[in-house]
Amino acid sequence: MKDFKDLTVGICNDHAGVEVKNFIVKKLEEKGVTISNFGTDTTDSCDYPDFAHPMALAVEEGKCDMGIAICGTGNGISMTCNKHQGIRAALSWEVEIARLAREHNNANVVGIPARFISIEKAWEIVEAFLSTDFEGGRHEARVAKIPVK
Ligand code: RB5
C-alpha cells in the first residue's frame, strides 16, 4: 500500500459523522498525516454545507491535497463539495468504489456514509482512497470534461 503520510488531508463532517471522523483522525495521526479539521466536534444538530464548503475550498486552493467528507448518508456533504468546480467528490461505501474513484475519476474528496457502514469499513475506505493514484491515460480526457465551462 502506498505511503500517504506526506499528504495534508482536510476532513469535514456534520453531527452524524463525529464518531467516524474522530476514529479516522486518530488513525491518520498514527500514520503521521497532517490533518485540517473543518468539521463539527459535537453531536448537536447542524447543517453539513457549513462544514463542507470551507473544506472543499481548501482542497480547491491546494491548501489540502485531499478531502474526507462525512455525514449520515454521505450524500448531502458530497453534493455540497461537488458544487465546487475543482472538486470531484466520490461517495464511497466499499473499498473498491473508493479505489476506482481515484484510479478512474481522480477524485479528490471521498464521501463517507457514517450511518451505513462500520467505523472500521470507513477507515479501510479512507486508507484505500489516500493510497491509490490516478491512472491517467484514457481517463484523463474524461475527467477533463467534468467541469461546467
Ligand atoms: C442528518 O440527519 C443527515 O440528514 C445528514 O447527516 C446527511 O445524511 C445528509 O445528507
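Remember, it's 1-based here, ligands and their atoms both numbered in the order they're listed.
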- [ ] Can you label the angle between the H139 ring and the H104 ring as parallel, tilted or perpendicular, going by 30° and 60°?
- [x]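 Ring orientation, 0 to 90° scale: parallel.
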Task: E103 CD: over 12 foreign heavy atoms closer than 6.0 Å - done: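 Above 12, so yes.
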Open item on the list: Is it the case that atom NZ in K145 sees more than 12 heavy atoms from other parts of the structure closer than 6.0 Å?
Closed with: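 Open.
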Open item on the list: Heavy-atom pairs closer than 4.0 Å: do any link ligand 1 to the side chain of A16, the backbone, both, or neither?
Closed with: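 It is the side chain that touches ligand 1; the backbone stays farther off.
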Open item on the list: Please classify the D14 to ligand 1 contact at 4.0 Å (heavy-atom distances, strictly less than): side chain, backbone, both or neither.
Closed with: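 Just the side chain.
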Task: Numbered atoms and elements of ligand 1 in range of G72, under 4.0 angstrom, heavy atoms - done: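 Going through ligand 1 atom by atom, the ones under 4.0 Å from G72 are 5 (C), 6 (O), 7 (C), 8 (O).
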Open item on the list: Looking at ligand 1, would M79 count as a contact under a 4.0 Å heavy-atom criterion?
Closed with: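 No, M79 has no heavy atoms under 4.0 Å from ligand 1.
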Report yes if [X] has an N/O atom closer than 3.5 Å to an N/O atom of ligand 1; otherwise report no.
X   : value
G76 : yes
T73 : yes
G74 : no

TODO: Taking all heavy atoms of N37 and all of K21, pick out the closest pair and write down the distance.
DONE: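 It is OD1-NZ, 3.0 Å.
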Task: Distance-minimising heavy-atom pair for I70 and I77 - done: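 Answer, listing the atom of I70 first, then I77: O-CD1, 3.5 Å.
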Open item on the list: Using the rule given for salt bridge (charged side-chain N to carboxylate O under 4.0 Å, His left out), can you reason through R99 versus E96, listing the C-alpha separation, both sets of side-chain angles and the distance that settles it, and then say yes or no?
Closed with: CA-CA 5 Å; R99 198 177 60 72; E96 189 66 358; 2.4 Å; yes
For [atom], grab the closest protein heavy atom and report residue, atom and distance to one decimal in Å.
atom                   : value
atom 1 (C) of ligand 1 : H15 NE2, 3.5 Å
atom 9 (C) of ligand 1 : Y48 CE2, 3.5 Å
atom 4 (O) of ligand 1 : R115 NH1, 4.8 Å
atom 7 (C) of ligand 1 : C71 SG, 3.3 Å

TODO: Look at E124 together with K121 and state whether they make a salt bridge at an N to O cut-off of under 4.0 Å.
DONE: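 Between K121 and E124 there is no salt bridge, as every charged N stays at least 4.0 Å from the carboxylate O atoms.
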Open item on the list: A side-chain contact here means heavy atoms from C-beta on lying under 4.5 Å apart; do E60 and L57 qualify?
Closed with: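 Yes. Closest side-chain heavy atoms under 4.5 Å.
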